[in-house]
*Asks:* 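The following block contains the structure, expressed as structure tokens.
Side chains included, hydrogens not; waters and symmetry mates left out as well; all remaining heavy atoms used.
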Protein chains: 2
Amino acid sequence: MAITIKDVAKKAGVATSTVSRTIQDHSSISEKTKKKVRLIMKELGYQPNLAARGLVNQNTQTIGIVLPVSDGLVFQNPFFLEMIRGISKTCNEKKYMVAIASGTTEEELLESIRMMAKGGRADGFIVLYSKKEDQVIDYLYQEKLNYAIIGKPYQHENEILYVDNDNQLAGKDATNYVIGLNHQKIAYICNDMDEMVTAERLSGYQQALTAANIAIDPTYVIAEAFKGTEYKQRLAALFLAEEHPTAVVASDDIVAMSLSNFLKDIGLSVPNDVSIISFNNSIFAEMIQPALTSIDVHIDYLSSQVVEKLVEFIEGRQTIAMKVILPHKIIERDSCKSRTE
Amino acid sequence: MAITIKDVAKKAGVATSTVSRTIQDHSSISEKTKKKVRLIMKELGYQPNLAARGLVNQNTQTIGIVLPVSDGLVFQNPFFLEMIRGISKTCNEKKYMVAIASGTTEEELLESIRMMAKGGRADGFIVLYSKKEDQVIDYLYQEKLNYAIIGKPYQHENEILYVDNDNQLAGKDATNYVIGLNHQKIAYICNDMDEMVTAERLSGYQQALTAANIAIDPTYVIAEAFKGTEYKQRLAALFLAEEHPTAVVASDDIVAMSLSNFLKDIGLSVPNDVSIISFNNSIFAEMIQPALTSIDVHIDYLSSQVVEKLVEFIEGRQTIAMKVILPHKIIERDSCKSRTE
DNA sequence: CTGAAAGCGCTTACAG
DNA sequence: CTGAAAGCGCTTACAG
């Protein structure tokens, strides 16, 4: 069917091994025959069969991206698309291909990963999330597969390759930012406390409050799926009160956006009545009005670094589970206002 | 390394061919030995090597998703993530894997596809966009590869498998919707006229106006990259005029969102001064205020159908290039208002 | 510097 | 109903 190494060899009048070696630019082959063989390859439009090569090399030159189990809305988060994009870009440079593992349930996702791993379809995986009691992450760990996590692992932190921001510090910085604007009544609102990022940012929030001698009020922390009715009720209870929070640290732009709409609906103005600071600096941050002050997490570096490190690992150039922590940066827009009173 | 068919064969006391046949549930193998072999497979945790199987079957059981060349913002469009997700879901059901082809330039993307196609890494491709003079689509066509397009092809329409909405009709329906609300001054605003969807929707817009005896005013059609300054200038010229449009058909939710913000900035209210109807019914439509009336294009069916049809094609169960056209549906929210005057 | 041969993990005629 | 053998398209010791 397609043109193979044999066809090239025959036409060039050499052995297949010679063709193979010129593909790899082996030093043992003379420049002269290399040149000849390369010419024929171009003429014939030869493209090596990666499956065959993988079979003998026991590798696949592909990296699997593990998406979180979808629960609808969260999945529309542009963060994942940007990560896919960034990973893809770096993989292209390194001549790796990228595959996607996803599932509607954890079982389905796991099955998909098992197939890719054991079926020889991926050399390693990049998990785009980190959460508590996740079967997939456990599986990857137990099977000692090559993988890296975006975000801090819940367990075995010292044995796992991961790339992350210092989300605790980021949470602290976000909180300090509004404290610096004279806010004292500061809430923390997030979507799912099982996610590591969310929990870390919360922890930073708490640290900042404590350091500023502001009492931590548990009713000021809301961690519910942000589409639920319970969520709306708790929000209402919080913001319809006379003494409502004047600032909110939102765990990401989507939460911030939804909150911003909610506040408008109940007649509160952002930033006049309530300031909002959030994370990720996604397209949402710019698109919404008022534009969100948001902490940029450098998705481009997150994605390129995770590929770099994972590939080093896969290719055996590195055997130690490093962590790469990237800096963050507050992007000031219009959703925060100094409180003077 | 990993456990192979040989290990299973030895332990079960049969030939490798017998193991292979029980994997495929061949009718020629007795239930008794099948049972025995299956037991051993489970015991050993055997997982077939897909690369080896692909090598002999000359297939890969994977489908490549082709993402458009990124130009920043557009790439944050949740449409693509939802498509990836949907395709992935259907592929899982069919035991196909999904790979991603993307690139920063058309050349890079093409190289990535060539590698996957000729390198035996994908049996077919799903192109998530359709635009004018696209090298990638041309390449797929010339090489007679298996592929399907989301959206109407620019060329060879009758020879290409594709899944789409009737975007012309959708454009007409959107326009008629605002005409039905007594609007006469209706603009059409889009991002990139080279995209087929955009062009089709425009054409439907024009048909609807003509049918309603409304003159088509070329200054009412803006097709610029929506981040450019030229875009802002044209928008300003259009909406700062006394006789500005009272309704806009926006080519998608992102355009609508950006427009909505622009209008607020210059002091026009949506929907009181200007009604907006858009397409895709993405997360943006719900998130923005006022929530957008948007045309749902059934991304879930778009993605499942394209996989169904492409797989039929790949597996030779279908050889005719069908088109599947899915219905659309107006989701009414708060961005359109009847004009009474 | 180059080639013949074995082998990666499968599948599939071909025998029996 | 089952097995021995060839072969998918590569790579890599091993000879020479």
*Asks:* Whole Å only: how far is the CE atom of Met41(B) from the P atom of dG9(C)?
*Replies:* 17 Å
*Asks:* OP1 or OP2 of dC8(D) sitting under 4.0 Å from any side-chain N/O of Asn59(B)?
*Replies:* no
*Asks:* Counting only side-chain heavy atoms from C-beta out, which of dT12(C), dG3(D), dC10(C) sits nearest to Ala15(B)?
*Replies:* dG3(D)
*Asks:* With nearest nucleotides of DNA chain D determined for Val56(B) and Lys34(B) from heavy-atom distances, which residue corresponds to the more 5′ nucleotide?
*Replies:* Lys34(B)
*Asks:* Assign Ser30(A) to base, sugar-phosphate, or nothing according to its heavy-atom contacts below 4.0 angstrom with the strands shown.
*Replies:* sugar-phosphate
*Asks:* Of the nucleotides dT11(D), dA4(D), dG9(C), which one has an atom closest to the side chain of Ile5(A)?
*Replies:* dT11(D)
*Asks:* Within a radius of less than 6.0 Å around CG of Asn158(B), do more than 12 heavy atoms belonging to other residues, nucleotides or ligands occur?
*Replies:* no
*Asks:* If we only count heavy atoms from C-beta on, is the Thr62(A) to Asp123(A) side-chain gap below 4.5 Å?
*Replies:* no
*Asks:* Starting at CG of Leu50(B) and ending at C1' of dC8(D), how long is that distance when rounded to a whole Å?
*Replies:* 15 Å
*Asks:* Establish, from distance only, whether the side-chain atoms of Glu159(B) and Tyr141(B) form a donor-acceptor pair under 3.5 Å.
*Replies:* yes
*Asks:* From CG of Leu55(A) over to P of dT11(D), roughly how many Å is that when rounded to an integer?
*Replies:* 11 Å
*Asks:* Between the side chains of Ser20(A) and Gln24(A), is a donor N or O closer than 3.5 angstrom to an acceptor N or O?
*Replies:* yes
*Asks:* Does dC10(D) have OP1 or OP2 sitting under 4.0 Å from an N or O in the side chain of Gln24(A)?
*Replies:* no
*Asks:* OP1 or OP2 of dT2(D) versus the side-chain N and O atoms of Ser17(B): is any pair under 4.0 Å?
*Replies:* no
*Asks:* Closer to the 5' end of DNA chain D via nearest nucleotide, is it Gly13(B) or Arg53(A)?
*Replies:* Gly13(B)
*Asks:* Determine: side-chain N/O of Ser20(A) to OP1/OP2 of dT11(D), distance under 4.0 Å, yes or no.
*Replies:* yes
*Asks:* Tell me the interatomic distance from Lys6(A), atom NZ, to dT11(D), atom P, rounded to whole angstroms.
*Replies:* 14 Å
*Asks:* How would you label the contact of Ser28(A) with the nucleic acid (heavy atoms, under 4.0 Å): base, sugar-phosphate, or nothing?
*Replies:* base
*Asks:* With the side chain of Ala52(B) defined as its heavy atoms from C-beta on, choose the nearest nucleotide among dC10(C), dT12(D), dC10(D).
*Replies:* dC10(C)
*Asks:* Any luck finding a side-chain donor-acceptor pair between Asp134(B) and Tyr154(B) under 3.5 Å?
*Replies:* no
*Asks:* Is dC1(C) paired to anything, Watson-Crick or G-U wobble with both distances less than 3.5 Å, and if yes, which nucleotide?
*Replies:* dG16(D)
*Asks:* Rounded off to whole Å, could you give me the CD1-to-P distance for the Ile29(B) and dG3(D) pair?
*Replies:* 8 Å
*Asks:* To the nearest Å, give me how far apart CD (Glu31(B)) and C1' (dC1(D)) are.
*Replies:* 12 Å
*Asks:* Rounding to an integer number of Å, can you tell me how far Arg121(A) CZ sits from dC8(C) P?
*Replies:* 19 Å
*Asks:* Please state how far atom CZ in Arg21(A) lies from atom P in dT2(C), giving the value in whole angstrom units.
*Replies:* 9 Å
